[in-house]
K.L.:
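Starting off with a structure, shown below.
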Amino acid sequence: MADERRAMWGGRFTADPDALFRAFNDSLPIDWRLVHQDIEGSTAWARALGGAGVLTTDEVGRLVSALVDLDAEVHGSHEPPVDSGAEDVHSWVEQRLIEMLGDLGKKLHTGRSRNDQVAADLRLWTRGAIDERIGEIRGVQRELVRLGQRERSTPMPGYTHLQRAQPILLAHWCLAYVEMLDRDAARLADARTRVNVCPLGSAALAGTTYPIDREKIAAELGFDGITANSLDAVSDRDFVVETLAACALAAVHLSRIAEEMILYATAEFGFFTFDDGVSSGSSIMPQKKNPDALELIRGKCGRIVGDQTALLVTLKGLPLAYNKDLQEDKQPLFDANDRLSMCLRMLARVLSGMEVNREACERAAVGGFANATELADHLVGRGVPFRDAHTQVGLIVRAAIERGVTIEQLPIDAIRAHAPAAGEDVHACLTLASTLARRDVPGGTAPARVSVALESAAKKLDALGDPQTRIQPGEGVPE
Ligand code: ARG
């Protein structure tokens, strides 16, 4: 048997593991991403063992300094060391410590298990990932607010059933997505409260036998508290599911905005144009400029939703406490985070270089009888019951369609033929400006309301601080 495995758990074994089994069982290529967290957790554990009187101050000092060296050694290495023979990142760190310190390295695992260790490492990693995702979400929100500010007075059609419904401001559309993303950030932050509890001290499943100060080690690692039950602590991956759920819903939101943007960039709509830096061409059709960045954002959503499903199904039916099935938790977590991170950064970049064709937006906002509700409201104002007004306006729309004109192009007599109560001023209420201005409720699209909403969104984002550096057209997307 390979020496390093004999050292880890081989005492009871007489034969080597099959090569096939090793390849199947080993998780180092995947969990290598936890190496810094494992070193951080191990450092805190060494100190905790010192506090419990298991290690001397000198031993703790030597372990901690070897862990500092190890951290520097692995800094920036994205690939796991080849041929280390280690089964997973936890065994690898221990193996290196033994190489560095001899017998002292063998003492670090006193009173802990890889079961509480991996749970702690994963919680540390997830906490960091959540903070990064929230930062990236803020980056997209900032771009949406900037776009809204730039297009403060640009109207566009609002749709229901993808049919023109009522005119809105483009800034109002931007702010709708700012709201969605706000909820995504809040969901991630909420998940974080359950991520950020420390399982160390739970050991294999029943709790450690050493007098470890669990509160102290938790505080040292920046956790908000400690887990309450050792059995639960080593088998709980709810915190991963919750994080994945928040990622999945954020991805669904990104997919929705991507779809709208793709649509609005078609010749049929002609509202948006994306810059060359985020578009690609066709190998056969020279005229094509395709919104691949947005299509991929929409497409990657599938994998992210799948990641959440994968973990839920993995957890279903698992008896307490740790089972090796749990090793399958990392791929979906890493995959969803990698993908969502790319999508968020890509979307911010597409938004930052996007052009709006104001004339096309306005033309579409005016067309399509989007002011029909206005006419009905005008009639209601003159005493017509709404249901009757609705019917009368329906007839007027039909008359306009037959003549090939808009409602406001119909002369007053033609309007009155179906709606005798229409006033002399009826045309004034049918203008785009009036249609927009009358949506004057909190949350409505009236320009005054949208201005206030833009201000408050911008202020809120500023207050959150650390404004992300914008990814400008032509720049690469930093890792
Ligand atoms: N590589 C394992 C995982 O990711 C670490 C825990 C192993 N524990 C055990 N009892 N085999 O889940």
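Every number for a ligand or one of its atoms is a count from 1 in the order of the listing. Because the structure is a prediction, the values reported are computed rather than measured.
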K.L.:
Determine whether the side chains of Arg114 and Gln117 contain a donor N or O and an acceptor N or O closer than 3.5 Å.
P.N.:
no

K.L.:
Go through the side-chain N and O atoms of Asp338 and Ser341 and say whether any donor and acceptor fall under 3.5 Å apart.
P.N.:
no

K.L.:
For ligand 1, output the ligand-protein N/O contacts shorter than 3.5 angstrom; if there are none, return none.
P.N.:
{"from": "ligand 1", "atom 1": "1 (N)", "to": "Ser27", "atom 2": "OG", "distance (Å)": "3.2"}
{"from": "ligand 1", "atom 1": "1 (N)", "to": "Asp88", "atom 2": "OD2", "distance (Å)": "2.9"}
{"from": "ligand 1", "atom 1": "1 (N)", "to": "Gln327", "atom 2": "OE1", "distance (Å)": "2.7"}
{"from": "ligand 1", "atom 1": "4 (O)", "to": "Lys330", "atom 2": "NZ", "distance (Å)": "2.6"}
{"from": "ligand 1", "atom 1": "8 (N)", "to": "Asn115", "atom 2": "OD1", "distance (Å)": "2.9"}
{"from": "ligand 1", "atom 1": "10 (N)", "to": "Asn115", "atom 2": "OD1", "distance (Å)": "3.0"}
{"from": "ligand 1", "atom 1": "12 (O)", "to": "Tyr322", "atom 2": "OH", "distance (Å)": "2.4"}

K.L.:
Would you call the rings of Phe272 and Tyr264 parallel, tilted or perpendicular, taking 30° and 60° as the class edges?
P.N.:
perpendicular

K.L.:
For Gln327 and Ser27, does a side-chain donor sit closer than 3.5 Å to a side-chain acceptor?
P.N.:
yes

K.L.:
Classify the side-chain pair Arg112/Thr208 by whether it contains a donor and acceptor separated by less than 3.5 Å.
P.N.:
no

K.L.:
Passes salt bridge (charged side-chain N to carboxylate O under 4.0 Å, His left out), Arg349 versus Asp275? Steps please.
P.N.:
CA-CA 10 Å; Arg349 167 62 187 82; Asp275 67 83; 2.8 Å; yes

